[in-house]
Amino acid sequence: MIKTISKIGNSQGLMFDAALMELAHLKAGDQVNVEVHAGGTLTLTPIRPRPSRAEVSKVIQATMKDYARTMKKLA
């Protein structure tokens with residue numbers, strides 16, 4: 001995909017259209033990490049919050065409860 005750098009106020013920037021934002025699962029206000037590699041290649045990586053240990057534990061417990069019969073058969 002080819003994008004053109006545009007002047008935005010006293011800065012320059014790229015405009016991401018709705019399709020690109022949807023493909024990247026991004027929305028306005030999301031943070032991205034920008035890396036500059038040898039030769040000037042740029043990589044944008046979305047910063048996604050990690051679930052807490054409590055959230056992970058809750059999902060595991062719910063799964064174990066929902067599939068208790070299956071888990072017993074597999075044990």
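We number each residue from 1, following the sequence as shown.
Although no hydrogens or angles enter the test, the distance criterion places no donor-acceptor pair under 3.5 Å between the side chain of Q61 and the main chain of K58. Judged by distance alone, the side chain of T63 and the main-chain N or O of V59 form a donor-acceptor pair under 3.5 Å.
How far CG of L14 is from CG of L44: 8.0 Å, rounded to the nearest 0.5 Å. Summarising the geometry, atom CG belonging to D66 is positioned 12.5 Å from atom CZ belonging to R69; distances are rounded to the nearest 0.5 Å. Between M15 atom CE and D17 atom CG the span is 9.5 Å, to the nearest 0.5 Å.
Residue M1 is grouped with residue V32 when hydrophobic side chains (ILVMFWY) are merged at heavy-atom distances under 4.5 angstrom, including chains of intermediate members. When the side chains of ILVMFWY residues are joined at heavy-atom separations under 4.5 Å, either directly or via intervening members, L23 and M21 end up in two distinct hydrophobic clusters.
Within 6.0 Å of CD in E35 there are more than 12 heavy atoms belonging to other residues, nucleotides or ligands. Within a 6.0 Å sphere centred on CG of L42, other residues, nucleotides and ligands contribute more than 12 heavy atoms. Atom NZ of K27 has 12 or fewer heavy atoms from other residues, nucleotides or ligands within 6.0 Å. No more than 12 heavy atoms of other residues, nucleotides or ligands sit less than 6.0 Å from atom CE of M64. Within a 6.0 Å sphere centred on CZ of R50, other residues, nucleotides and ligands contribute 12 heavy atoms or fewer. By the 6.0 Å contact criterion, NZ on K3 is enclosed, its count of non-hydrogen atoms from other residues, nucleotides or ligands being greater than 12.
The minimum heavy-atom distance between I8 and G13, with the atom names listed, is CD1-CA, 3.8 Å.
By the 4.5 Å heavy-atom criterion applied to side chains, D30 and P46 are not counted as neighbours. Counting heavy atoms from C-beta on, the side chains of V34 and T45 never come closer than 4.5 Å.
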